[in-house]
Amino acid sequence: MKGKLFVVSGPSGAGKGTICRELLKRRPEICLSVSCATRAPRPGEIDGVHYFFLSKEEFLARKEAGGLLECAQFNGGNWYGTPRDHVLTQLEAGKSVLLEIENNGAQQVIRQYPETVSVFILPPDLKTLLTRLIMRGTEDLEKLRARLEKMPSEFKAAKAYTCLIINDEVERATERLEAVFDGDLRTGEKEKRCLEEANRKFADMAACRQLLDDCYRQVRGDFVPA
Ligand code: 5GP
């Protein structure tokens with residue numbers, strides 16, 4: 001491969017999409033891979049720009065034919081995957097390609113291409129992550145609770161990434177990501193401590209569940225069912 005392959009991942013709500021968008025504004029030479037997805041387009045989303053929106057049948061046919069570099073099913077049973085040909089063509093042409101994907105897919109890419117530069121975006125702390133997810137308003141409490149249960153394994157996987165970036169401030173995190181693209185692959189002590197702290201928190205899931213309920217009540221002012 002002549003170009004470099006970059007994967008940016010991290011928990012939902014960490015802000016990886018925002019940081020990647022900021023990076024692409026600064027570095028238009030980077031090619032963002034457009035994924036295939038079976039979920040319905042949201043208002044304003046354009047087929048072929050935000051995603052290639054496929055039916056489940058179309059998606060699975062593509063997967064069977066080997067047309068996807070990685071794929072994963074999540075988010076209410078929806079499939080997401082990276083088109084293989086487009087990414088490989090860009091890399092062969094010497095371009096840097098960026099994949100902004102969730103952890104399962106990221107692990108598949110890293111296994112196939114160990115030279116991939118992988119970045120895990122961390123939230124500053126669990127409370128901030130939960131608050132961001134609640135404020136985004138795309139999931140009800142039941143879905144948020146299910147998401148919380150999956151977080152410990154997601155965060156455990158972070159160790160396997162080339163580097164960690166904390167998204168405490170978009171500007172700073174974007175600068176850090178830009179530096180990674182320029183070859184500075186160091187992870188600072190602050191980032192390592194932030195990951196350790198998150199993993200320590202997840203050792204007590206009862207306290208994490210309580211934290212989610214408390215954040216939900218604080219943000220929404222709603223009654224929280226048991
Ligand atoms: P959304 O449905 O909100 O657009 O995206 C949900 C999640 O899907 C995001 O965390 C994003 O990183 C992830 N995602 C987007 N495209 C892909 C893909 O091609 N493969 C995988 N594994 N995850 C993806």
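Position 1 is the first residue of the sequence; numbering continues from there. We count ligands from 1, going down the list as the structure has it; atoms in each ligand are counted the same way.
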Practice task
State the atoms of ligand 1, each with its element, that fall below the 4.0 Å cut-off from a heavy-atom position in Arg39.
Solution key: 1 (P), 2 (O), 4 (O)

Practice task
With sequence neighbours left out, write down each residue that passes salt bridge (Lys or Arg N to Asp or Glu O under 4.0 Å) with Glu29, or none if nothing qualifies.
Solution key: Arg27

Exercise for the section: Provide, to 0.1 Å, the distance between atom 3 (O) of ligand 1 and the closest protein heavy atom, together with that atom's residue and name. Expected result: Arg42 NH2, 3.1 Å

Exercise for the section: Identify, for atom 2 (O) of ligand 1, the protein heavy atom at the shortest distance, and state residue, atom and that distance. Expected result: Tyr80 OH, 2.5 Å

Problem - Over 12 foreign heavy atoms within 6.0 Å of CE, Met135 - result: no

Practice task
Could you tell me whether some N/O pair between Gly81 and ligand 1 is separated by less than 3.5 angstrom?
Solution key: yes

Handout entry: Nearest non-hydrogen protein atom, atom 23 (N) of ligand 1
Key = Glu102 N, 3.2 Å

Exercise for the section: Classify the side-chain pair Ser118/Thr162 by whether it contains a donor and acceptor separated by less than 3.5 Å. Expected result: yes

Handout entry: Per-residue contact class, Asn75 against ligand 1 - non-hydrogen pairs under 4.0 Å
Key = side chain

Problem - Heavy-atom nearest neighbour of atom 16 (N) of ligand 1 within options Ala14, Ser35, Cys20 - result: Ser35

Handout entry: Distance-only polar pair, side chains of Tyr161 and Asn103, donor-acceptor under 3.5 Å
Key = yes

Problem - Protein contact to atom 7 (C) of ligand 1 [nearest heavy atom, distance to 0.1 Å] - result: Phe74 CE1, 3.7 Å

Exercise for the section: For atom CZ of Arg136, decide whether the heavy atoms of other residues, nucleotides or ligands shown that lie under 6.0 angstrom number more than 12. Expected result: yes

Problem - Polar side chain donor-acceptor pair, Gln210 to Asp214, under 3.5 angstrom - result: yes

Practice task
Specify the protein heavy atom at minimum distance from atom 20 (N) of ligand 1: its residue, its atom name, and the distance to 0.1 Å.
Solution key: Glu70 OE2, 2.7 Å

Fill in the blank from the handout: When distances are taken from atom 4 (O) of ligand 1, the protein heavy atom at minimum range is Tyr51 OH, 2.5 Å

Handout entry: Residue, atom name and distance, where the atom is the protein heavy atom closest to atom 10 (O) of ligand 1
Key = Lys16 NZ, 3.0 Å

Problem - Closest non-hydrogen atom pair between Tyr51 and Arg39, with its separation - result: CE1-NH2, 3.2 Å

Exercise for the section: Evaluate salt bridge (charged side-chain N to carboxylate O under 4.0 Å, His left out) for Arg21 paired with Glu100, printing each intermediate quantity in order. Expected result: CA-CA 10 Å; Arg21 271 196 303 279; Glu100 189 261 281; over 6 Å; no

Exercise for the section: Give the residue and atom name of whichever protein heavy atom lies nearest to atom 11 (C) of ligand 1, and the separation in Å to one decimal. Expected result: Glu100 OE2, 3.4 Å

Handout entry: Nearest candidate to atom 21 (C) of ligand 1, where distance is taken over non-hydrogen atoms, out of Leu68, Val7, Val8, Ile101
Key = Ile101

Practice task
With rounding to the nearest 0.5 Å, note down the distance linking CD in Gln90 to OG in Ser33.
Solution key: 9.5 Å

